[in-house]
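Some notes on the structure that comes next.
A note on names: the letters A, B, ... follow the listed sequences, proteins ahead of strands, and every chain is numbered from 1.
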Amino acid sequence: SQQGEEDPQALSIQEGENATMNCSYKTSINNLQWYRQNSGRGLVHLILIRSNEREKHSGRLRVTLDTSKKSSSLLITASRAADTASYFCATDAQGAQKLVFGQGTRLTINP
Amino acid sequence: NAGVMQNPRHLVRRRGQEARLRCSPMKGHSHVYWYRQLPEEGLKFMVYLQKENIIDESGMPKERFSAEFPKEGPSILRIQQVVRGDSAAYFCASSPLEGGTPNNEQFFGPGTRLTVL
């Protein structure tokens, strides 16, 4: 089964609201990354958080990591229509170079 | 500095034909990863290559699929005798060091969307 699992699978909110997405994983990791994918397009790297970090900010993005619960959350504040996309978490298991992706959260921002 | 480049962006093949997907990593990157994404799913790792070496092919189907990253030129993912189930988006990523940058960041290309008729 997949290393990462996002929750919820789909999220629809009004523009200006905050959006929170969660990710759980199974094995020990070095880092956890969040990516955005617009429909039919490639992946855009958003933010990386290391296993020894608990929280990280980048603009309107806030990522938390709880290694004891093997979970992470991505918060997008003051959402915009342009934030409509699928969001994926990806982990790299210790000792491996490959990234393991979750199924993604499809976020829709309604104007 | 150009990003990861993939071509073609769209590829249509009939069952039984061969599909050849190309990936040019970012300048200075010597590590390439291939991932496959089925509709409405996340990306699944296929293979990790360095120049002239396959490092990890644990996600690659045992038959019909092969990958290479020659000393010169792009990385190639080849699918022989394609079947409808091969229809997917194939993404390439590159990174500059073992496991990427010191934080294992991988930079993704725009993908090749393969449709098998």
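Atom NZ in A/K98 sits 12.0 Å away from atom OH in B/Y33 (nearest 0.5 Å).
For A/R41 (side chain) and B/G111 (main-chain N/O), no donor-acceptor pair under 3.5 Å exists by modelled atom type.
Sparse packing is recorded around CD of B/Q81, with 12 or fewer heavy atoms of other residues, nucleotides or ligands lying under 6.0 Å away. More than 12 heavy atoms of other residues, nucleotides or ligands shown are found within 6.0 angstrom of CZ on B/R78. For CD of B/E18, the number of neighbouring non-hydrogen atoms (other residues, nucleotides, ligands) closer than 6.0 Å is greater than 12. In the displayed structure, A/R60 atom CZ is contacted under 6.0 Å by more than 12 heavy atoms of other residues, nucleotides or ligands.
Within the 4.5 angstrom heavy-atom criterion, only side-chain atoms of A/Q37, from C-beta onward, approach chain B. Neither the backbone nor the side chain of B/Q6 comes within less than 4.5 Å of any heavy atom of chain A.
Between B/Y35 and A/L43, the closest side-chain pair of non-hydrogen atoms is not below 4.5 Å.
Pairing each heavy atom of B/Q106 with each of A/Y35, the nearest pair is O-OH, 3.2 Å. Of all heavy-atom pairs between A/F101 and B/L43, the closest is CB-O, 3.4 Å.
B/Y90 and A/V44 end up in different hydrophobic clusters when Ile, Leu, Val, Met, Phe, Trp and Tyr side chains are linked at under 4.5 Å. Taken together through direct or relayed side-chain contacts under 4.5 Å among Ile, Leu, Val, Met, Phe, Trp and Tyr, A/I13 and A/Y87 form part of one hydrophobic cluster.
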